[in-house]
Amino acid sequence: MNRVSKLTIGIATVWVAGLGGLAMSAQDKYTVKVPGGLAFSEFRGYEAWQAISISRNEKVVAMILGNPVMIDAYLAGIPDNGQPVPDGAKMAKIHWTQEPNKFFPEATVPGTLVNVDFMEKDSKRFADSGGWGWAVFDYNAASDTFTPGTTAGTPPQGNDAKCGLGCHTIAKSRDYVFTRYGKR
């Protein structure tokens, strides 16, 4: 084997090892879990769920999504009609920083991803928190990873499945659901 062949093999080996290292260091978001609570994997496919509503404040803009069970509940009048949301219903709320639309600066569009919040109705599993489990996963753009929310986050979150109960208790008459389903 000549010197050029050995050099080529050496460069190829280093290149393949480098790619392998990058692939191994990339996080699979579906492996992240709130200690004692919900796992990101329980919401696989949330990106394709139907829109329920939007929200915004001075810091972030958000899209609230629902799985088919949650959408069917809304279409049946739940929770406005006082009926409980059925088990299996799930919601996701994706927060981004706000940016002006480059073509229409008065309009706000999503900027950098901030975090993803989840709610899941399971009256047996979460009997001590109104039948709901909650989770917040903060996003780090620099590392392209998610971590469970903490009390230092926005909004501050406890680190278990009951983290949303304190805030959502004011919506107890709507089965702890703040969001109204937008008319279509």
Side-chain angles (χ1 to χ4, degrees), residues 28-98 110 113-140 145-184:
D28 176 1
K29 66 184 176 186
Y30 294 111
T31 63
V32 183
K33 182 179 180 180
V34 170
L38 296 173
F40 212 121
S41 62
E42 295 178 64
F43 297 84
R44 189 177 299 275
Y46 75 93
E47 303 92 340
W49 291 352
Q50 186 173 332
I52 295 169
S53 187
I54 59 169
S55 70
R56 64 180 287 277
N57 61 30
E58 66 281 351
K59 295 180 182 178
V60 295
V61 61
M63 173 65 69
I64 299 102
L65 309 169
N67 73 347
V69 175
M70 189 70 214
I71 298 301
D72 289 346
Y74 274 118
L75 293 174
I78 299 169
D80 286 336
N81 63 11
Q83 297 297 309
V85 173
D87 281 358
K90 297 179 181 182
M91 297 171 69
K93 186 175 187 182
I94 308 166
H95 292 99
W96 297 272
T97 59
Q98 299 181 53
L113 180 63
V114 174
N115 60 31
V116 180
D117 304 351
F118 294 123
M119 289 176 64
E120 178 179 359
K121 181 70 181 272
D122 184 330
S123 56
K124 291 181 181 144
R125 181 177 174 197
F126 306 115
D128 61 347
S129 57
W132 287 96
W134 287 270
V136 173
F137 295 98
D138 293 327
Y139 179 70
N140 181 313
T145 58
F146 288 89
T147 55
T150 68
T151 54
T154 303
Q157 297 292 321
N159 225 346
D160 60 28
K162 295 185 258 184
C163 66
L165 183 61
C167 291
H168 284 257
T169 297
I170 62 173
K172 186 176 181 179
S173 66
R174 291 178 40 84
D175 198 12
Y176 302 93
V177 176
F178 291 136
T179 308
R180 293 192 175 274
Y181 187 72
K183 176 92 171 132
R184 315 227 158 142

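Numbers here are sequence positions counted from 1.
The two residues Val177 and Pro79 make their nearest non-hydrogen contact at CB-CG, 4.1 Å. Taking each heavy atom of Gln98 and Val61 in turn, the nearest pair found is CG-N, 3.8 Å. The two atoms that bring Val69 and Ala89 nearest to each other are CG1-N, 3.6 Å, heavy atoms only. Residue Asp175 comes nearest to Trp132 through the heavy atom pair O-NE1, 2.8 Å, listed as atom of the first residue, atom of the second, then distance. Here the closest non-hydrogen pair linking Ala135 and Val34 is CB-CG2, 3.6 Å. A pairwise comparison of heavy atoms in Phe178 and Ala171 identifies CD2-CB, 3.7 Å as the closest pair.
Scored by the ring-ring contact (aromatic ring centres under 6.0 Å, His included) test, Tyr139 finds Phe146 as partners (sequence neighbours excluded). For Asn140, the side-chain hydrogen bond (donor to acceptor under 3.5 Å, both in side chains) partners two or more places apart in sequence, or in a different chain, are Ser143. Applying the side-chain hydrogen bond (donor to acceptor under 3.5 Å, both in side chains) test to Glu58 and every residue at least two apart in sequence or in another chain returns nothing.
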Assess whether side-chain contact (heavy atoms from CB on, under 4.5 Å) is satisfied between Met91 and Lys121, documenting all intermediate values. CA-CA 9 Å; Met91 297 171 69; Lys121 181 70 181 272; over 6 Å; no
Show your working on side-chain contact (heavy atoms from CB on, under 4.5 Å) between Val114 and Asp138 and close with a plain yes or no. CA-CA 6 Å; Val114 174; Asp138 293 327; 5.6 Å; no
CA sep, side-chain torsions, deciding dist, call: Lys29, Ser41, side-chain contact (heavy atoms from CB on, under 4.5 Å): CA-CA 8 Å; Lys29 66 184 176 186; Ser41 62; over 6 Å; no
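Distance CG/Leu38 to CZ/Arg125: 5.5 Å, rounded to 0.5 Å. Here the CD1-CH2 distance, from Ile64 to Trp49, works out to 13.0 Å after rounding to the nearest 0.5 Å. To the nearest 0.5 Å, atom CG of residue Leu65 and atom CD of residue Glu47 are 9.0 Å apart.
Between Phe43 and Tyr30, the gap from one ring centroid to the other reaches at least 6.0 Å.
The side-chain hydrogen bond (donor to acceptor under 3.5 Å, both in side chains) analysis of residues 82-91, with sequence neighbours excluded, yields the pairs Asp87-Ser123. Counting only residues at least two apart or in different chains, ring pair (Phe, Tyr, Trp, His ring centres under 6.0 Å) contacts with residues 64-88 comprise Tyr74-Tyr181. Residue pairs that meet the ring pair (Phe, Tyr, Trp, His ring centres under 6.0 Å) test with at least one member in residues 50-72, sequence neighbours left out, do not exist here.
Ion pair Glu42/Lys33 not flagged as a salt bridge, since none of the NZ, NE, NH1 or NH2 atoms sits closer than 4.0 Å to an Asp/Glu carboxylate oxygen.
Between Asn67 and Ile71, the closest side-chain pair of non-hydrogen atoms is not below 4.5 Å. Under the 4.5 Å side-chain criterion, counting only non-hydrogen atoms from C-beta, Pro148 is in contact with Val32. Contact annotation: the side chain of Trp134 never approaches that of Phe126 to less than 4.5 Å [non-hydrogen atoms, C-beta and beyond]. Counting heavy atoms from C-beta outward, Tyr176 and Val85 have side chains that stay 4.5 Å or more apart.
Of the options Met63, Arg180, Met70, a side chain to side chain contact (heavy atoms under 4.5 Å, CB included) to Ile52 is made by Met70 and by none of the others.
Of the possible donor and acceptor atoms, one in the side chain of Arg174 sits under 3.5 Å from a partner among the backbone N and O of Thr179.
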